[in-house]
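Counting convention: from 1, in listed order, for ligands and their atoms alike. Sequential numbering from 1 along the given sequence is applied to the chain's residues.
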Amino acid sequence: MASSTLSFIVFIHILVIASLTAAASAASSFYENFDITWGDGRAKILNSGHHLTLSLDKTSGSGFQSKNQYLFGKIDMQIKLVSGNSAGTVTAYYLSSQGPTHDEIDFEFLGNVTGQPYTLHTNVFTQGKGGREQQFRLWFDPTTKFHTYSILWSPQRIIFSVDSTPIREFKYLESMGVPFPKNQAMRIYSSLWDADDWATQGGRIKTDWSKAPFTTSYRNFNANACVLFNGRSSCHESGSTSTWMNQQLGTTSQQKLRWVKRNFMIYNYCTDTQRFPQGFPKECKFTS
Ligand SMILES: *[C@@H]1O[C@H](CO)[C@@H](O)[C@H](O)[C@H]1NC(C)=O
């Protein structure tokens, strides 16, 4: 009797683990994975949970956040940005923990007037401190189709990728005195908002409200990740865990990263001598 009760408990336990794993790994529903947090009806989950849209008008933007908190993972999202005249609008898509010493891994898409390119802004905060901006152009128009924006966050490195092309790597360099995000679980956040005081050409171009509402769309969210559950992080024991946990940039990926840097990077804090007259932040020395 005792042993069959025990095996029943073990069985239930396995079921729970299996369903948690499935929930976090499958390209899955926005209903299951996200909560709409603001925007008074401007954010919508559509098509039985396969799509999500954020919209912005003169009154308000909108946003959502993940139900789960993650501590390391490979997180992919397909996004189609505001099209046409998107000047003044910003779509932020990021991971963040809470509090004054929070960690954060950011993608931000700054809109532009019709025909002019978006700016993809990235940053990494550790222990509440950011200031590690790198900005890029994209090699495609991000408003006509969905493209995949990925954050790989392992104990060794953070890799930002666009359609599987790495655009930025932030390495674990704590022995060099550079803090790395490794203790604080993060949620995924996204929002669409008006930042026409600074976003487009330094704030000179204002949002054209006659084109509102502006819309950003999301689909195919996928997280191979460690999920915080009852205060403990549970990682996938499935095959995919080992691949993302140990992933590094191979030769081809490093070539792609260099190609992006050479052709599409428009700002790098690590080369901004005006900003750092006393010398660059320590991690700059080790950034390929
Ligand atoms: C918008 O286009 C202008 C002109 O091509 C460019 O200088 C600017 O960096 C672009 N992006 C933003 C966000 O202003």
Open item on the list: Looking at Lys285, I want to see if its NZ is surrounded by more than 12 non-hydrogen atoms of other residues, nucleotides or ligands under 6.0 Å.
Closed with: no
- [ ] Would you indicate whether Asp197, at its atom CG, is surrounded by more than 12 heavy atoms from other residues, nucleotides or ligands within a distance under 6.0 Å?
- [x] yes
Open item on the list: Using the ring pair (Phe, Tyr, Trp, His ring centres under 6.0 Å) criterion, which residues pair with Phe160? Sequence neighbours excluded.
Closed with: Phe107
TODO: State which residues pass side chain to side chain donor-acceptor pair (under 3.5 Å) with Ser161; sequence neighbours excluded, sorted by chain then number.
DONE: none
Open item on the list: Checking Thr148 now: which residues fulfil side chain to side chain donor-acceptor pair (under 3.5 Å) with it, not counting sequence neighbours?
Closed with: Gln78
Which N or O atoms of ligand 1 sit under 3.5 Å from a protein N or O, and how far apart is each pair?
| residue | atom | partner | partner atom | Å |
| --- | --- | --- | --- | --- |
| ligand 1 | 2 (O) | Asn112 | OD1 | 3.4 |
| ligand 1 | 2 (O) | Asn112 | ND2 | 2.4 |
| ligand 1 | 2 (O) | Gln201 | NE2 | 3.4 |
| ligand 1 | 5 (O) | Gln116 | OE1 | 2.5 |
| ligand 1 | 9 (O) | Arg137 | NH2 | 2.8 |
| ligand 1 | 11 (N) | Asn112 | ND2 | 2.8 |
| ligand 1 | 11 (N) | Pro117 | O | 3.4 |
| ligand 1 | 11 (N) | Thr119 | OG1 | 3.2 |
| ligand 1 | 14 (O) | Gln201 | N | 2.7 |

- [ ] Consider only side-chain N and O atoms of Thr165 and Asp163, and report whether a donor and an acceptor are under 3.5 Å apart.
- [x] no
